[in-house]
Amino acid sequence: MEWCARRYGEVFTLRLALGPPTVMVSEPRLVERVLALTAEAASAGAENAILAPLLGDRSVLMLDGPEHVRQRRLLLPFFHGERMRGHEAAIAAIAAAEVRTWPQGRPFPLLPRMRDVTFEIILRVVFGLEDSAALPEVRRSLRRLVEMGGSWMTVPALRRDLGRLSPWGRFVRLRARVDTLLREEVRLRRRRAAASGPGGPGGCAIDALIDHMDDGELVDALVTLLVAGHETTATSLAWCFELLLRRPDVVDRVRGEARAGSSRLLDAAIREVLRLRPVFRYTSRRLRAPLALGAYTIPAGVAVGAGIYLAQHRADQYRSPHEFEPERFLSEAPPTGSWVPFGGGLRRCVGASFATFEMAVIVRTVLALARLRPASARPERVALHAVTMVPGRGARVVLEQRTG
Ligand code: HEM
């Protein structure tokens with residue numbers, strides 16, 4: 001992306017093996033224009049279609065237009081306000097239990113540990129499976145499903161069901177098994193909700209959606225929340241520790257703030273992590289009609305990409321754009337169109353508030369319980385894991401001392 005921007009400038013076209021050409025923009029006003037496109041002007045569902053076998057045809061990511069707006073309205077309340085904050089203790093407990101399993105005195109990568117934490121949070125907090133007898137099997141099946149779903153299966157040419165021994169055959173059967181398991185759980189909740197009267201008993205996403213979706217739609221929504229919410233947040237957490245631990249002065253101040261019941265610097269640090277190391281390089285829309293963009297007219301059928309990484313590394317928007325400086329967000333809000341780690345417009349990430357809240361709770365919990373240092377003096381480079389940008393060595397750290 002950086003090479004293309006240097007070579008071709010503000011607007012360039014990516015021609016990748018899968019999908020149509022993508023016209024990439026990074027100038028803040030153009031980024032805003034792309035993110036503000038309406039469902040009549042462009043489709044995001046078409047750009048996400050490759051994920052349909054994993055997420056299901058009725059996933060919010062596959063939809064456009066009124067059906068998409070309807071699902072977003074149903075999903076959003078769970079990820080905001082009091083409902084979200086009510087889960088703080090449960091999130092902290094899951095993180096604390098994870099820290100207790102970490103080895104002391106020898107290097108280990110944090111990224112897989114953070115994946116475990118965010119996976120458990122989705123299952124226990126978002127799905128509300130804490131006390132469910134089905135939890136172990138749901139965990140096992142979903143784990144295998146997301147592992148398979150993030151690999152070769154994105155290549156449509158390899159999708160041939162040649163029975164249960166073929167890779168695609170195994171994937172299709174596993175998705176069907178997950179469907180059955182989650183439908184059983186949903187039915188159980190419906191019975192429980194009916195017994196406890198209007199409003200239902202719990203505070204998880206299943207309980208919030210149960211009166212508004214049929215079983216199939218609800219299952220697709222759950223798989224979508226897991227896939228969209230677990231790897232992304234784990235990656236940002238891994239980057240957070242990788243960057244933060246190289247600034248011991250900031251770590252000390254964050255600890256001090258936490259003791260005083262504040263999180264001003266931590267919130268600024270999380271913003272800065274998401275700016276410097278966004279999970280996604282870009283997010284795209286497929287044009288339904290020609291679009292005038294800067295000096296160009298882009299034809300229908302072509303995709304346009306809001307260049308998240310490039311927009312967030314612009315020297316005309318940020319002083320020292322390649323440095324990790326949490327202090328920059330203490331006094332200033334991010335500039336418009338240049339801080340877009342969660343995309344924007346009609347498709348802005350449904351879990352954005354939840355993800356930043358979850359990250360803050362986990363970072364505070366870990367820093368309270370453990371003294372960590374980076375395993376190497378050399379900062380980790382960016383590596384690609386499917387479509388996400390992860391720390392090259394998995395954010396390797398050493399736990400020096402337990403403190404909690
Ligand atoms: C740091 C963590 C996260 C990052 C960086 C992230 C990033 C993104 C991005 C870039 C998009 C596409 C937005 C667009 O095209 O304009 C997106 C969409 C979405 N995200 Fe997240 N996400 C994160 C966490 C979560 C969590 C925790 C959840 C829920 C549990 C979630 C659920 C979704 C959903 C459902 C969509 C689709 C929205 C739509 O199509 O209307 N994400 N996310």
Side-chain angles (χ1 to χ4, degrees), residues 22 31-37 39 42-49 51 55-56 58-80 83-84 87 91 114-115 117-119 121-127 204-206 208-209 220-240 270-271 273-286 303-309 311-312 337 339-363 387-390:
T22 302
V31 167
E32 287 282 291
R33 286 271 320 276
V34 168
L35 293 177
L37 287 171
S43 158
E47 286 294 279
N48 299 329
L51 292 170
L55 305 182
R58 295 166 78 192
S59 158
V60 67
L61 276 154
M62 300 305 132
L63 305 173
D64 287 299
E67 255 312 287
H68 168 253
V69 174
R70 176 188 150 268
Q71 265 215 28
R72 273 184 74 91
R73 285 216 184 103
L74 293 176
L75 291 170
L76 275 166
F78 176 78
F79 294 102
H80 287 90
R83 213 181 242 179
M84 172 183 86
H87 295 298
I91 294 173
M114 290 297 128
R115 282 190 188 123
V117 172
T118 58
F119 196 89
I121 289 170
I122 300 270
L123 291 192
R124 290 166 189 254
V125 174
V126 179
F127 292 10
C204 70
I206 297 187
L209 299 173
D220 287 359
L222 295 178
V223 177
T224 300
L225 294 177
L226 177 77
V227 172
H230 118 272
E231 179 81 30
T232 44
T233 314
T235 301
S236 295
L237 278 161
W239 278 121
C240 194
I270 289 172
R271 273 192 175 171
V273 169
L274 292 166
R275 179 196 73 80
L276 188 63
R277 294 287 180 257
V279 177
F280 299 106
R281 291 160 294 174
Y282 62 92
T283 182
S284 54
R285 316 279 187 256
R286 183 107 32 112
V304 283
I308 298 174
Y309 180 90
Q312 299 187 165
W339 191 86
V340 283
F342 296 110
L346 273 178
R347 312 294 303 210
R348 186 170 192 269
C349 174
V350 165
S353 302
F354 187 85
T356 44
F357 174 75
E358 181 184 350
M359 285 175 70
V361 175
I362 294 170
V363 172
V387 292
T388 58
M389 291 191 282
V390 299

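Whatever order the structure lists ligands and atoms in, that order sets their numbers, starting from 1.
Residue, atom and distance of the protein heavy atom nearest to atom 21 (Fe) of ligand 1 are C349 SG, 2.3 Å. At the shortest separation from atom 33 (C) of ligand 1 among protein heavy atoms lies A228 CB, 3.6 Å. Nearest protein heavy-atom neighbour of atom 36 (C) of ligand 1: V350 N, 4.1 Å. Summary of contacts: the protein heavy atom closest to atom 6 (C) of ligand 1 is F342 CD2, 3.6 Å. Looking at atom 24 (C) of ligand 1, its nearest protein heavy atom turns out to be T232 OG1, 3.5 Å. Residue, atom and distance of the protein heavy atom nearest to atom 10 (C) of ligand 1 are P341 O, 3.4 Å. Among protein heavy atoms, atom 37 (C) of ligand 1 sits closest to L61 CD2, 3.7 Å. Among protein heavy atoms, atom 15 (O) of ligand 1 sits closest to T283 OG1, 2.5 Å.
Across every non-hydrogen atom of R286 and A46, the tightest pair is NH2-O, 3.3 Å. Closest heavy-atom contact between M359 and C240: CE-CB, 4.4 Å.
Counting only distance, with no hydrogens or angles, the side chain of R72 and the backbone of L346 share a donor-acceptor pair below 3.5 Å. Put simply, the side chain of E47 never gets that close to the backbone of G305: no donor and acceptor are under 3.5 Å apart. With hydrogens and angles ignored, the 3.5 Å screen pairs no side-chain donor or acceptor of D64 with any backbone N or O of S43. Put simply, the side chain of W239 never gets that close to the backbone of L276: no donor and acceptor are under 3.5 Å apart. Of the possible donor and acceptor atoms, none in the side chain of Q71 sits under 3.5 Å from a partner among the backbone N and O of A221.
Residues passing the side-chain hydrogen bond (donor to acceptor under 3.5 Å, both in side chains) test with S236, sequence neighbours excluded: none.
Near V60, with a cut-off below 4.0 Å to any heavy atom, the atoms of ligand 1 are 35 (C). Per-residue contacts place G343 under 4.0 angstrom from the following atoms of ligand 1 (heavy atoms of the residue considered): 10 (C), 13 (C), 14 (C), 16 (O). The distance from ligand 1 to the heavy atoms of R72 drops below 4.0 Å at these ligand atoms: 38 (C), 39 (C), 41 (O).
In this structure, H230 and F119 have perpendicular ring planes: the angle between them is above 60°, well past the 30° mark. Taking the six-membered ring for Trp and thresholds of 30 and 60 degrees, W339 and F342 have ring planes more than 60 degrees apart, a perpendicular arrangement.
For the pair T283/V340, no side-chain contact is recorded, criterion being any heavy-atom separation below 4.5 Å from C-beta on. Residues I122 and T118 have side chains not in contact (no heavy-atom distance under 4.5 Å, counting atoms from C-beta outward).
Between R347 and ligand 1, an N or O atom pair is found at a separation short of 3.5 Å. Close N/O approach between S236 and ligand 1 is not found [any backbone or side-chain N/O within under 3.5 Å]. Considering backbone and side-chain N/O atoms, T233 never comes within less than 3.5 Å of an N/O atom of ligand 1.
Ligand 1 lies nowhere less than 4.0 angstrom from a heavy atom belonging to V126. Ligand 1 has H68 within reach: a non-hydrogen atom of the residue lies less than 4.0 Å from it. By the 4.0 Å heavy-atom criterion, G344 is counted among the residues contacting ligand 1. Within the structure, ligand 1 has R285 among the residues with a heavy atom less than 4.0 angstrom away.
In this comparison of F354, W239, F79, F78, the heavy atom closest to atom 29 (C) of ligand 1 sits on F79. Comparing S284, A306, G229, A234 by heavy-atom distance to atom 27 (C) of ligand 1, the nearest is G229.
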